[in-house]
Amino acid sequence: MGVLNITPDSFSDGGLWVSAENAIRHAEHMVEQGADIVDIGGESTRPGSKPVDAAEEIDRIMPVIEALVGRNICVSVDTSKPEVMRASIEAGVAMINDIKALQAPDALQAVAEGGVVACLMHMQGEPGSMQANPYYGNVVTEVKDFLRDRVHSARAAGIPLEHLVIDPGFGFGKTLEHNIALLRHLGSFLDMGVPLMVGLSRKSMLGKITGGEVGDRVQASVAAALLAIMKGAKIVRVHDVKATSDAIAVYNAVNGQPMR
Ligand code: PT1
């Protein structure tokens, strides 16, 4: 999954793709480089970011969604707002990627009625303050219990199990130690009968490990993505599609699987 931020304040590319035309070109480039899904976000959710309203979010993403769906690209939308979900589904997206795991009123209904896939992600707190003081007794069991509960709620709302994906939410209300524990024990999320997705790309946890600034985290990001895949992740949300795709091709070749 290639990341396409259409936000003036996105954390790693400084809003480079603010114009729809540039965004569309960048998305097509990521597909050529090996992305199977393009994840479009109109609201930054990195630590410390501020929310935008639904109308603004829709204005930012809709021209790009329409163009990419028109080019038969598989589009995911990174949003927590039911209004944005409904508009995106109407425009033909295949997946809703929700960092709030469809907890907003009407979010479960929007996805159930739309018949699309949903990624349910764990977050402790809110983007504006989540890194202030993350606390867990046991981060792995607590994140897993939360995701299990959200999977049950989604199924009860009429979303089939085959339409669900889970994500432990690296960097969302977690210290470096929490993130490392989750990555070390990623395999324990595989018994929920739902594919696992992770987003580690360019995140500060990698900067804390390597000392690299955000523009110098490609190698660490590729290592982290491959590690996650080796531990069973099925979708990796990344900025550096070519580098990640090449690493996965090597892994697949060794495992006797189709390389791309
Ligand atoms: C993610 C994810 C996401 N991450 C899903 N969606 C972001 N499903 C946006 C940092 O510490 O992991 N999974 N949508 C980006 N969020 C962050 C969080 C960016 C932390 C940066 C950091 O640097």
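Start at 1 and go down the list; that is how both ligands and their atoms are numbered. Predicted model, so just to flag it, every value in this text is computed and none were measured.
Annotation for ligand 1: atoms under 4.0 Å from non-hydrogen atoms of Gly199 are 12 (O). Close approach of ligand 1 to Thr45 is summarised as follows: ligand atoms under 4.0 Å from at least one heavy atom of the residue are 9 (C).
Ion pair Glu32/Lys242 not flagged as a salt bridge, since none of the NZ, NE, NH1 or NH2 atoms sits closer than 4.0 Å to an Asp/Glu carboxylate oxygen. A salt bridge between Lys81 and Asp53 is absent, with no side-chain N of the basic residue lying under 4.0 Å from a carboxylate O of the acidic one.
Considering backbone and side-chain N/O of Ser204, one or more are found under 3.5 Å from N/O of ligand 1. Residue Arg202 has no nitrogen or oxygen atom sitting less than 3.5 Å from a nitrogen or oxygen atom of ligand 1, judged on distance alone. Geometrically, ligand 1 and Asn97 share a nitrogen or oxygen pair separated by less than 3.5 Å.
Residue contacts with ligand 1 do not include Gly169, since none of its heavy atoms lies under 4.0 Å from the ligand.
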>> Does His122 form a side-chain hydrogen bond (donor to acceptor under 3.5 Å, both in side chains) with Lys174? I'd like the steps, not just the answer.
In response: CA-CA 10 Å; His122 174 273; Lys174 284 139 191 135; 2.9 Å; yes

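Between the side chain of Gln33 and the backbone N or O of Ser245, no donor-acceptor pair lies under 3.5 Å.
With Arg237 as reference, Asp78 is the one residue of Asp78, Asp167, Asp36 to meet the salt bridge (Lys or Arg N to Asp or Glu O under 4.0 Å) rule.
The shortest side-chain heavy-atom distance between Arg71 and Ile24 falls under the 4.5 Å cut-off.
Contacts with ligand 1 closer than 4.0 Å are made by side-chain heavy atoms of Met197 only, the backbone lying farther away. Contact annotation for Gln131 and ligand 1: no heavy atom of the residue comes within less than 4.0 Å of the ligand. Proximity of Met121 to ligand 1, defined as any heavy-atom pair under 4.0 Å, is confined to the side chain (atoms from C-beta onward).
Summarising the contacts of atom 9 (C) of ligand 1 with Asp78, Thr79, Val3, the nearest heavy atom is found in Asp78.
Ring-plane geometry between Tyr136 and His178 is classed as perpendicular, the angle between the planes exceeding 60 degrees on a 0 to 90 degree scale with a lower cut at 30.
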